[in-house]
Amino acid sequence: MKRIFVCLVVAALIPISGCAGEGSGGAENTQTSASSEWNPNSWTSDIEISPKFTSEEDKLAFRKRWLERNATTMGVANPPDIALVEWMDSPHAADEKQAECMRSKGFSAEVAPQGGILFDPPIPESQQEAFGMAAYECHSMYFLNPEFLANLTEDQLRVQWDYWDEYYIPCLAAHGFTVDTSERPGREAYATTFYSDAEHRWWPNNKGELSFRITPEVMKMCPERPPVTEFYGIN
């Protein structure tokens with residue numbers, strides 16, 4: 001399958017599988033008993049995050065830079081000027097709208113449970129150019145709020161570390177999934193060197209293995225990202 005993934009951390013793309021399978025032993029029974037005890041929106045941070053983009057002009061300028069930078073990646077040599085139709089207020093909303101847009105252009109796009117867009121059957125070589133242009137046009141028209149695409153600040157990385165430590169990892173454990181934290185950097189090292197030291201770009205997915213096993217039902221109760229109000233400072 002060919003996948004397009006909306007990446008929340010631009011400088012550290014961490015692919016997320018479009019497949020979900022069985023959890024670890026006993027996970028199904030654990031999920032049933034623990035499901036009512038976990039609500040991700042109940043988690044709050046002691047750190048107040050403010051939005052990075054405070055005007056429409058700032059958002060449009062970011063969009064322009066992002067499209068210029070990614071046009072080549074999409075295989076578009078001479079990108080056209082496509083008008084924005086609507087800002088997408090979440091990665092999932094962007095996936096849904098962009099998949100719908102791709103389907104309207106003849107491509108069998110579906111949203112993966114973990115995020116991103118799946119194409120099955122794979123895009124044949126003969127359609128790669130048309131596919132790239134369609135992807136560029138759909139991203140241009142239904143562009144994700146830049147708050148979700150800009151590099152994270154140190155405070156945002158602290159919020160993320162705290163959320164994983166206080167909610168996400170315990171939530172997964174309650175549903176039968178164990179995160180290996182043996183190589184997790186300390187909070188300050190993680191926040192201050194995430195973009196400068198590859199060894200500190202730790203992610204709580206057991207080097208990608210958990211991405212194949214966590215079910216969509218568990219993902220709803222144990223989302224990988226903190227609540228948007230806490231993580232991005234937006235409602």
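For clarity, every value in this text was computed on a predicted model and none was experimentally measured.
The 12-atom threshold is not exceeded at CD of Glu129, counting heavy atoms of other residues, nucleotides or ligands nearer than 6.0 Å. Atom CD of Glu68 is surrounded by more than 12 heavy atoms from other residues, nucleotides or ligands within 6.0 Å. The number of heavy atoms from other shown groups lying within 6.0 Å of CD (Glu199) does not exceed 12. Residue Glu48 places its CD atom among 12 or fewer non-hydrogen atoms of other residues, nucleotides or ligands, all under 6.0 Å distant.
Between Tyr168 and Trp43, the ring centre distance reaches or exceeds 6.0 Å. Side-chain rings of Tyr163 and Phe231 stay apart, their centers remaining 6.0 Å or farther from each other.
One hydrophobic cluster holds both Trp66 and Phe53 under the rule that ILVMFWY side chains link at heavy-atom gaps under 4.5 Å. Under a hydrophobic-cluster definition in which Ile, Leu, Val, Met, Phe, Trp and Tyr are linked whenever side-chain heavy atoms come within less than 4.5 Å, directly or via other members, Val111 and Phe148 are assigned to different clusters. In terms of hydrophobic clustering, with Ile, Leu, Val, Met, Phe, Trp and Tyr side chains grouped at heavy-atom distances under 4.5 Å, Leu144 and Leu60 are assigned to a common cluster.
Between the side chain of Asn206 and the backbone N or O of Thr178 there is at least one donor-acceptor pair closer than 3.5 Å. The backbone N or O of Arg184 lies less than 3.5 Å from no partner atom in the side chain of Thr181, so there is not a single donor-acceptor pair. Without hydrogens or angle criteria, Glu230 side chain to Thr44 main chain gives no donor-acceptor distance under 3.5 Å. Although no hydrogens or angles enter the test, the distance criterion places no donor-acceptor pair under 3.5 Å between the side chain of Asn205 and the main chain of Leu210. Not one N or O on the side chain of Glu110 forms a donor-acceptor pair closer than 3.5 Å with the backbone of Ala99. Without hydrogens or angle criteria, Arg201 side chain to Tyr195 main chain gives a donor-acceptor distance under 3.5 Å. Not one N or O on the side chain of Arg103 forms a donor-acceptor pair closer than 3.5 Å with the backbone of Ser108.
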Side chain to side chain contact (heavy atoms under 4.5 Å, CB included) between Phe131 and Phe119, intermediate numbers included: CA-CA 11 Å; Phe131 171 79; Phe119 296 89; 3.6 Å; yes

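For the pair Phe62/Phe143, a side-chain contact is recorded, criterion being any heavy-atom separation below 4.5 Å from C-beta on. With a 4.5 Å cut-off on side-chain heavy atoms, Glu137 and Lys105 count as touching. Considering only heavy atoms from C-beta on, Ile49 stays 4.5 Å or farther from Tyr232 through its side chain. Counting heavy atoms from C-beta outward, Pro226 and Tyr167 have side chains that stay 4.5 Å or more apart. Side-chain contact check for Trp164 versus Arg225: every heavy-atom pair is 4.5 Å or farther apart. Under the 4.5 Å side-chain criterion, counting only non-hydrogen atoms from C-beta, Lys59 is not in contact with Glu147. When side chains are defined from C-beta on, Gln98 counts as touching Ile117, because their heavy atoms get closer than 4.5 Å. Using a 4.5 Å cut-off on side-chain heavy atoms (C-beta onward), Ser140 and Leu67 make contact.
Contact record, Ile234 with Pro51: CG2-CG, 3.9 Å, taken as the closest heavy-atom pair. Closest approach of Glu217 to Met221, counting heavy atoms only: O-CE, 3.4 Å. Pairing each heavy atom of Leu157 with each of Ala191, the nearest pair is CD1-O, 3.5 Å. Looking at every heavy atom in both residues, Met141 comes nearest to Leu84 through O-CD1, 3.6 Å. Counting all heavy atoms, side chain and backbone alike, Asp95 lies closest to Gly116 at OD2-N, 2.9 Å. Considering every non-hydrogen atom in both Pro40 and Pro227, the closest pair reads O-CG, 3.3 Å.
No side-chain donor from either of Glu166 and Trp161 sits under 3.5 Å from a side-chain acceptor of the other.
Geometrically, Lys97 engages Tyr142 in a cation-pi contact, judged by NZ or CZ lying under 6.0 Å from the ring centre and within 45° of the ring axis.
Considering CG of Asp180 and CD of Glu209, their distance stands at 10.0 Å, rounded to 0.5 Å. With values rounded to the nearest 0.5 angstrom, Arg63 atom CZ is found 13.0 Å from Asn145 atom CG. Atom OH of Tyr136 and atom CG of Asn70 lie 9.5 Å apart (nearest 0.5 Å).
Applying the side chain to side chain donor-acceptor pair (under 3.5 Å) test to every pair with at least one member in residues 185-194, sequence neighbours left out, gives these pairs: Arg158-Glu188, Gln160-Tyr190, Asp162-Arg187, Thr193-His200.
The one candidate from Met219, Glu224, His175 that meets the side chain to side chain contact (heavy atoms under 4.5 Å, CB included) condition with Ile214 is Met219.
Taking Thr153 as the reference, Lys52, Asp155, Gln156 meet the side chain to side chain contact (heavy atoms under 4.5 Å, CB included) condition, with sequence neighbours excluded.
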